[in-house]
*Asks:* 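So that we are looking at the same thing, I have put the structure below in structure tokens.
Any value given below was found using the heavy atoms of this structure, including those in side chains, with hydrogens, waters and symmetry copies removed.
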Amino acid sequence: MSDVECSFCQILEGRLEAQIVYQDERTLAFVDTSPVQTGHALVIPRVCQPDFYKLAEADYQATMHTARKVAQVLQTLPNPRKVGAAIQGFETPHTHVHLIPMNTPDDLCAKPQPEKTQAELAPIAERLRSALQGG
């Protein structure tokens, strides 16, 4: 890990606020604070590994399983044509899967919106949480 403290580890430890929509013993999903589209979510493993291909198999499988689960819900809520996924990690040295509701191919690479407050993100997070909990 770099000298910079990982903001995603801070979220996992509860030291940094996030609009969490799903969590289990290996993963956490939350709404992106600078969304490309409304509903843009991030899925992270609980282990801090900058490169997804270096994750232990169980952590990789769990991360992708959670990404699929959240994407299936995103497909129904904002009603996009598709939900795209990207694994980057340039800004934060922690594997994270971006799940982005898309209506055109360019939506996956669109410029992020200005950073949103937790209060602004709360309604979409609540909709996602409710749908992920089956209700």
Side-chain angles (χ1 to χ4, degrees):
M1 169 125 40
S2 70
D3 291 337
V4 177
E5 190 168 9
C6 176
S7 59
F8 292 166
C9 288
Q10 291 178 20
I11 290 170
L12 287 165
E13 295 166 0
R15 294 188 294 128
L16 190 62
E17 190 175 4
Q19 290 297 320
I20 297 169
V21 298
Y22 177 83
Q23 59 184 313
D24 59 28
E25 63 280 350
R26 290 192 180 271
T27 65
L28 184 80
F30 54 96
V31 180
D32 195 307
T33 57
S34 295
V36 171
Q37 300 291 336
T38 299
H40 180 171
L42 299 174
V43 176
I44 63 172
R46 289 189 178 272
V47 61
C48 190
Q49 169 52 254
D51 301 306
F52 76 94
Y53 52 86
K54 292 181 182 176
L55 286 169
E57 185 64 23
D59 293 314
Y60 173 81
Q61 292 287 338
T63 301
M64 299 314 286
H65 177 79
T66 297
R68 178 174 47 196
K69 182 181 290 198
V70 174
Q72 288 170 336
V73 168
L74 282 174
Q75 182 65 50
T76 66
L77 293 180
N79 201 22
R81 290 180 58 204
K82 293 249 180 222
V83 175
I87 302 173
Q88 298 175 340
F90 290 103
E91 307 83 26
T92 304
H94 192 123
T95 294
H96 54 289
V97 180
H98 290 262
L99 298 173
I100 302 171
M102 300 169 51
N103 289 304
T104 71
D106 294 335
D107 288 345
L108 191 61
C109 300
K111 183 178 178 185
Q113 299 170 20
E115 189 163 334
K116 307 260 186 225
T117 66
Q118 294 300 316
E120 290 172 315
L121 297 171
I124 189 69
E126 182 53 40
R127 288 178 62 204
L128 290 169
R129 265 192 304 275
S130 178
L132 283 159
Q133 293 171 357

*Asks:* Check the hydrophobic clustering (I, L, V, M, F, W, Y; side-chain heavy atoms under 4.5 Å; chains of links allowed) and say if Ile124 and Leu132 are grouped together.
*Replies:* yes
*Asks:* Applying the 4.5 Å side-chain criterion to the ILVMFWY set and letting contacts propagate, would Val43 and Ile87 be lumped into a single cluster?
*Replies:* yes
*Asks:* Considering non-hydrogen atoms only, spot the tightest contact between Leu42 and Phe8 and give its length.
*Replies:* CD1-CZ, 3.8 Å
*Asks:* Output the distance between atom CG (Asp59) and atom CZ (Phe52), rounded to the nearest 0.5 Å.
*Replies:* 14.0 Å
*Asks:* Tell me, do Gln19 and Arg129 make a side-chain contact under 4.5 Å, heavy atoms counted?
*Replies:* yes
*Asks:* Quick check: closest heavy atoms across Glu120 and Lys116, and the distance to 0.1 Å?
*Replies:* OE1-CA, 3.2 Å
*Asks:* Any non-hydrogen side-chain atom of Phe30 less than 4.5 Å from a side-chain atom of Leu121?
*Replies:* no
*Asks:* In Å, rounded to the nearest 0.5 Å, how long is the span from SG of Cys9 to CD1 of Ile44?
*Replies:* 7.5 Å
*Asks:* For Thr38 and Gln113, which heavy atoms make the closest approach, and how far apart are they?
*Replies:* N-NE2, 4.0 Å
*Asks:* Considering all heavy atoms of both residues, which atom of Met102 and which atom of Val83 are nearest to each other, and what is their separation?
*Replies:* SD-C, 4.3 Å
*Asks:* Which pairs would a plain distance check flag for residues 64-79, meaning a side-chain donor or acceptor within less than 3.5 Å of a matching protein atom at least two apart in sequence or in another chain?
*Replies:*
from: Thr66; atom 1: OG1; to: Thr27; atom 2: OG1; distance (Å): 2.7
from: Thr66; atom 1: OG1; to: Ala62; atom 2: O; distance (Å): 3.2
from: Lys69; atom 1: NZ; to: Tyr22; atom 2: OH; distance (Å): 3.2
from: Gln75; atom 1: NE2; to: Pro80; atom 2: O; distance (Å): 2.7
from: Thr76; atom 1: OG1; to: Val73; atom 2: O; distance (Å): 2.8

*Asks:* Would you say that Arg127 contacts Val21 through its side chain, given a criterion of any heavy-atom pair below 4.5 Å between the two side chains?
*Replies:* no
*Asks:* Looking at residues at least two apart in the chain, or sitting in another chain, which of them share a salt bridge (Lys or Arg N to Asp or Glu O under 4.0 Å) with Glu13?
*Replies:* Arg15
*Asks:* Taking all non-hydrogen atoms of both residues into account, name the closest pair between Ala18 and Ile11 and its distance.
*Replies:* CB-CG2, 3.7 Å
*Asks:* With a 4.5 Å cut-off on side-chain heavy-atom distances among I, L, V, M, F, W and Y, is there a chain of contacts connecting Tyr60 to Val47?
*Replies:* yes
*Asks:* Say you draw a straight line from NZ of Lys82 to CG of Leu108; how long is it, rounded to the nearest 0.5 Å?
*Replies:* 12.0 Å
*Asks:* For the residue pair Val36 and Ala110, what are the closest heavy atoms and their distance?
*Replies:* CG1-CB, 3.5 Å
*Asks:* If we ignore angles and hydrogens, is there a donor and acceptor under 3.5 Å between the side chains of Arg46 and Gln23?
*Replies:* yes
*Asks:* Apply the test side-chain contact (heavy atoms from CB on, under 4.5 Å) to residues His94 and Leu12: give CA-CA distance (whole Å), side-chain angles for both, the deciding distance (0.1 Å), then the verdict.
*Replies:* CA-CA 11 Å; His94 192 123; Leu12 287 165; 3.8 Å; yes
